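When reading the values below, keep in mind they use all heavy atoms of this one structure, side chains included, and skip hydrogens, waters and symmetry mates. We count ligands from 1, going down the list as the structure has it; atoms in each ligand are counted the same way. In this text, all values refer to a predicted model and were calculated from it rather than measured experimentally.
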Amino acid sequence: MDIVAGLLKGERRALAKAISLVENEDSRKRETLKQIYPYTGKGYIIGFTGAPGSGKSSLVDRVVKVMRQEGNSVGIIAVDPTSPFTGGAILGDRIRMQDHTEDKEVFIRSMGTRGSLGGLSRATRDTVQLMDAFGKDIIIIETVGVGQSEVDIVKNADTTIVVLTPAGGDSVQTIKAGIMEIADIFVINKSDLPNADRTRTELSVMLDLDERKKWRPPIVQTITLSDHGTREMWEEIKGHRAYLEKEGLLPGMRLERAKRDIQDHIEYIVKSRVWEQVTGTHMFEKALEKMHNKETDPYTAAKSILDRISLDNKD
Ligand SMILES: Nc1nc2c(ncn2[C@@H]2O[C@H](COP(=O)(O)OP(=O)(O)OP(=O)(O)O)[C@@H](O)[C@H]2O)c(=O)[nH]1
Ligand SMILES: [Mg+2]
C-alpha cells in the first residue's frame, strides 16, 4: 500500500492522507493501522487540556520552539470537540501556530467532530499511532477539558498538562475532580493577570490534601505573551518523563492503554455488527409494535432479537 510505504518513509502527504482515512472511516483504515502498528511505540505523547481560551495553543506554540531547538520532531493534534471543521481548518489554532508552518519537522492537524465518524477519541488515538509510526519524537494532543470524552482523549498521553488561569477566588475549587486527577503538571497560564499567586497557593493547598499519588504534580506559572515559564514547563515535562522511566512505569501505562484499545475495538465491532443486522428490519419493527401493545417488554424483545442475529465475522 503506497500510503503506508510513503508514511514510513516520512512523506508528509502520505501522513496527511492516512489521517484522513482514519477520520473518514475509510475502508482502507484498518489495513493501514495494522501495517503501521509494528512501527509505533517510540514517540512520547504529551496532552494539554484546560478550559476554552486558557492558552493551550499558545503554550504549545511556545514549547514546540524549545522542543525543536533540542532536535525533536513534533506532531500536534488540536482536538476541538465543538468544531465541525477538520483537516487543519480551525482558524484560531492555525494562526497561533503559524510560526511552525514552514518547519517540515512540525506536523499540525486539527480535528473536529464532523470529520471523525468513529468518534473523536478513536480518531485521536489512531492519529497518534500514525504520527508515531511516521517517526515523530513527540506527539502533542491539545483538547478542551470540558467533559468525559475529552478526559478520555488525554488518557492517551504519557504526560498530561492541565492549564489553568488566574480567576476569581473559587477558581481552583471548581475544577472538576476528573481533570485534577489526570494532571501530571499544572500550568497557571496568563500569570500576568491579577490573582495568579493566589491561584497557585490554592492549588498547592489542594495538592497537599491529595495523598494518593506518589507523583506530586509540579505547578508552573507561564505568560505566553512574553515566553515566561516556557523552559520551566519543558523541564518539568522532561522531569515527569524521567520519573516514569526511572520507576519503570511506562510499560504498564502502555499495556493499560492497549487493553483499553482492545476493549474499545471489541465493543465497536460488536455494536456495528448488531446494528447492521437490526436497523430497519422487520423483527425490530415487530418488537416495537409488540412492546407498544404491551405484548412484550424491552428485555424480552432485546433478547429475542439478539438470539436471531449472528456476531460471526463477515469481512
Ligand atoms: N494575558 C494573557 N493572555 C494570554 C496568555 N496566553 C494566551 N493568552 C490569550 O488567550 C487567548 C486564548 O489563547 P489560546 O492559546 O487560543 O487558548 P486555547 O486554550 O488554545 O483556546 P481554545 O483552543 O479555543 O480552547 C488568546 O487571545 C491569547 O492571546 C497569557 O499568558 N496572558
Ligand atoms: Mg487552542
### Task
Could you tell me whether ligand 1 has any atom less than 4.0 Å away from a heavy atom of E142?
yes
### Query
G53 near ligand 1, heavy-atom distance under 4.0 Å?
yes
### Query
Just which atoms of ligand 1 are under 4.0 Å from any heavy atom in D192?
1 (N), 2 (C), 30 (C), 31 (O), 32 (N)
#### Entry: Enumerated ligand 1 atoms positioned under 4.0 Å from heavy atoms of V144
25 (O)
### Message
Under a 3.5 Å threshold, yes or no: a donor from one side chain and an acceptor from the other, between R62 and S226?
### Response
no
### Query
So, T165 versus N189: side-chain donor-acceptor pair below 3.5 Å or not?
no
### Query
If you look at every heavy atom in T49 and V144, which pair is closest and at what distance?
OG1-C, 3.7 Å
### Message
According to side chain to side chain donor-acceptor pair (under 3.5 Å), does anything in residues 127-138 pair up with another residue at least two apart or in another chain? List the pairs.
### Response
S73-D137
Based purely on interatomic distance, does [X] place a nitrogen or oxygen under 3.5 Å from a nitrogen or oxygen of ligand 1?
| X | result |
| --- | --- |
| S58 | yes |
| S191 | no |
| I223 | no |

### Message
Assess the residue pair E142 and S57 against the criterion (side-chain hydrogen bond (donor to acceptor under 3.5 Å, both in side chains)); give the C-alpha distance rounded to whole Å, side-chain angles, the decisive distance to 0.1 Å, and a yes or no.
### Response
CA-CA 7 Å; E142 176 197 329; S57 298; 2.7 Å; yes
### Message
Which option wins on minimum heavy-atom distance to atom 11 (C) of ligand 1: R62, K56, K190?
### Response
K190
### Message
Using side-chain heavy atoms (C-beta onward) and a distance below 4.5 Å, is P166 in contact with L193?
### Response
yes
### Query
Using a heavy-atom cut-off of under 4.0 Å, does the side chain or the backbone of V163 touch ligand 1, or both, or neither?
neither
### Query
What part of L59, side chain from CB on, backbone N/CA/C/O, both or neither, has a heavy atom under 4.0 Å from ligand 1?
neither
### Task
Using side-chain contact (heavy atoms from CB on, under 4.5 Å) as the criterion, list what pairs up with E235, not counting sequence neighbours.
K238
### Summary
Checking distances from the Mg ion (ligand 2), one finds that the N, O or S atom of E142 closest to it is OE2
### Message
Under 2.8 Å from the Mg ion (ligand 2) - does any N, O or S atom of S57 fall there?
### Response
yes
### Query
Between F284 and W275, what is the ring plane arrangement, given parallel below 30°, perpendicular above 60°, and tilted in between?
perpendicular
